[in-house]
Undergrad: 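Got a structure for you, questions after.
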2 protein chains.
Amino acid sequence: MARQDKRQQIMQAAERLFTSRRFHEITLDDVARTAKVGKGTIYRHFRDKDDLFFQTATSGFDELCELLRRQVPAGASFFDQLTEACMQISRFFEQRRQLFRMMQTEEGRMQWCGGSLRDRWLERRKGLVSAVAEILAKGVAEGQVRADIPPEVLAHLLLGLLRTRARDLSEVAPADCGLALVMDVFYNGVCRRGAGGQASQGTQKDTSP
Amino acid sequence: MARQDKRQQIMQAAERLFTSRRFHEITLDDVARTAKVGKGTIYRHFRDKDDLFFQTATSGFDELCELLRRQVPAGASFFDQLTEACMQISRFFEQRRQLFRMMQTEEGRMQWCGGSLRDRWLERRKGLVSAVAEILAKGVAEGQVRADIPPEVLAHLLLGLLRTRARDLSEVAPADCGLALVMDVFYNGVCRRGAGGQASQGTQKDTSP
DNA sequence: GAAACGAAACTGACTGGTCAGTATCATAGC
DNA sequence: GCTATGATACTGACCAGTCAGTTTCGTTTC
């Protein structure tokens, strides 16, 4: 068996275990056993337990970026691109629910980690945000998206909504909350339109914190 | 010193420590020392380390709910209530940044916990969502918010946006992302409206459709 | 083509340190 | 006296990381 296969095997086992229990509840003996690999082998591929953990957690970003790069047609219209991207992201969150949760969990913890791990995390994360921001920038350029907000900020907000959908709404009210609905809120807001409802005067009260 | 004071002391120490390092990096001896309390005393107030941890993490919800209950004027208009609620939530996230992160981190991990802890978490969480949903329901009733989405779902989405703002945007682009902007996106969406340009700092030129 | 070799990958038993949780006891407050 | 507490000692389980020995595999030599 080739070296890379071993590595793959270890990461798969690590993903399976780290997504099922907490960090300190997983031993490297568990990982080794699950991966059908000697414990020492882990250390030939990963510096230590933390390294294994974060490499596993960050791998999701890589997969997702790769997915977007491949599945979102470069030449398509803004709307098609956005829809496709949201679908891909949502599907990924659903299919890899465990890994998604692990990524969520670790996100909040990255601050506590040594610089290099945190940097690596932020770098991967930025790749995803950029990919989405690029699509939104196209929407701005085509005049379909408001231009008063930087695309990166829009991308974060959209990802936040998708995250919320995957994390909270899928449990609380799955039936009420299709992807189309979330995208609709992102695009049109929750303001009631037409039928004499007040237009987009917005929420511009003084809200400086 | 009264019993509740002790408990308070322990939880404060726990919050300080658990928000600064990872669970397995904190010892109960640390907590006892920081709280100026005997180690055994901790066990008079909390079943075990997990219990202490989750009680600390969930305390944020209680505080936040209490804040909303007190600060959001019951008789005010929908808009005023929503604005006030968002301000309170945002301020809480900012001022108690560490606890907020801890809550975020644990949120994703609740699934892995024994039933009672998870239930307690969800219950507290639901309190917050309900408080926000109630305000939004008022908006629906008054015809200012679209009626095709259940208020709970709207509340989750709004909280998701606020979370994103506190978590990601405050680091990435704090200047670009005031609370008013996030609320505006929630209310009006990112769709470009009308023909009169929105002006300001977009990096893209208008290329009218 | 097979034997001998060497380097790198791999293994898993072992170790040294850590820590949650308990036990003990003297003290304080009521 | 009785309960809660601080201080501290104790212990038994646990586990990350190590390392000496084993396997694998490509290369060289005959």
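Owing to the predicted nature of the structure, the values given are computational and were not obtained by experimental measurement. Numbers restart at 1 for each chain; the letters A, B, ... are given by sequence-line order, proteins then strands.
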Undergrad: Can you check whether Lys49(B) has a side-chain N or O nearer than 4.0 Å to OP1 or OP2 of dA20(C)?
TA: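 Yes, within the criterion.
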
Undergrad: Under 4.0 Å between a side-chain N or O of Thr41(A) and OP1 or OP2 of dA9(C)?
TA: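 Negative; the distance criterion is not met.
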
Undergrad: Determine, stepwise, if the pair Arg96(A) / Glu15(A) fulfils side chain to side chain contact (heavy atoms under 4.5 Å, CB included).
TA: CA-CA 10 Å; Arg96(A) 313 279 317 263; Glu15(A) 179 178 332; 2.5 Å; yes

Undergrad: Rounded to whole angstroms, how far apart are NE2 on His24(A) and C1' on dC15(D)?
TA: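 Spelled out: NE2 on His24(A) to C1' on dC15(D) is 13 Å.
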
Undergrad: Partners of Arg91(A) by salt bridge (Lys or Arg N to Asp or Glu O under 4.0 Å), sequence neighbours excluded?
TA: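 Scan of Arg91(A) (salt bridge (Lys or Arg N to Asp or Glu O under 4.0 Å), adjacent residues dropped) gives none.
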
Undergrad: Using only side-chain N and O atoms of Lys36(A), determine if any of them is under 4.0 Å from OP1 or OP2 of dG12(C).
TA: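 Looking at the OP1 and OP2 atoms of dG12(C), neither is under 4.0 Å from any side-chain N or O of Lys36(A).
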
Undergrad: So what does Ile26(B) hit on the nucleic acid, given a heavy-atom distance under 4.0 Å: a base, only sugar-phosphate, or nothing?
TA: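 The residue Ile26(B) makes sugar-phosphate contact but no base contact.
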
Undergrad: Judged by atom type as modelled, is there a donor-acceptor pair below 3.5 Å linking the side chain of Glu152(B) to the main-chain atoms of Ser130(B)?
TA: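 Looks like no, no N/O pair under 3.5 Å.
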
Undergrad: When you look at Ile149(B) and Val190(A), which way does the side chain to side chain contact (heavy atoms under 4.5 Å, CB included) test go after all the steps?
TA: CA-CA 9 Å; Ile149(B) 306 177; Val190(A) 303; 5.6 Å; no

Undergrad: Give Ile42(A) one of three labels, base, sugar-phosphate or nothing, depending on what nucleic acid heavy atoms sit under 4.0 Å from its own.
TA: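 No contact.
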
Undergrad: Find the distance Arg22(A):CZ to dC14(D):C1' and express it as a whole number of Å.
TA: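 After rounding, the reported distance stands at 16 Å.
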
Undergrad: The side chain of His45(B) lies closest to which of these nucleotides: dG21(C), dT11(C), dT5(D)?
TA: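 The closest nucleotide is dT5(D).
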
Undergrad: Measure from CG on Asp50(A) to C1' on dC15(D) and round the result to the nearest Å.
TA: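 After rounding, the reported distance stands at 14 Å.
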
Undergrad: Check the distance between dT18(C)'s P and Leu28(B)'s CG and give it to me in whole angstrom.
TA: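 These atoms are roughly 16 Å apart.
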
Undergrad: Of the listed nucleotides (dG6(D), dA20(C), dT11(C)), which one gets closest to any side-chain atom of Tyr43(B)?
TA: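 Among the listed nucleotides, the one closest to the side chain of Tyr43(B) is dA20(C).
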
Undergrad: How close or far is atom P of dA16(D) from atom CG of Leu17(A), stated in whole angstroms?
TA: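 Leu17(A) atom CG is separated from dA16(D) atom P by 12 Å.
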
Undergrad: Should the side chain of Lys39(B) and the base of dG21(C) be counted as holding a donor-acceptor pair, with the cut-off at 3.5 Å?
TA: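 Yes.
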
Undergrad: Counting just side-chain N and O atoms, does Arg44(B) come under 4.0 Å of either OP1 or OP2 of dT5(D)?
TA: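 It does, given that an N or O in the side chain of Arg44(B) lies less than 4.0 Å from OP1 or OP2 of dT5(D).
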
Undergrad: Rounded to whole angstrom units, what separation is found between the CZ atom of Phe46(A) and the P atom of dG17(D)?
TA: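 Value for this atom pair: 14 Å.
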
Undergrad: Supply the atom-to-atom distance Thr19(B) OG1 to Arg97(B) CZ, rounded to the nearest 0.5 angstrom.
TA: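 Between atom OG1 of Thr19(B) and atom CZ of Arg97(B) there are 12.5 Å.
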
Undergrad: What is the distance, rounded to the nearest whole Å, between atom CD1 of Ile10(A) and atom C1' of dC10(C)?
TA: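 After rounding, the reported distance stands at 10 Å.
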
Undergrad: CG of Asp29(B) versus C1' of dG17(C): gap in Å, rounded?
TA: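 So the two atoms are 14 Å apart, to the nearest Å.
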
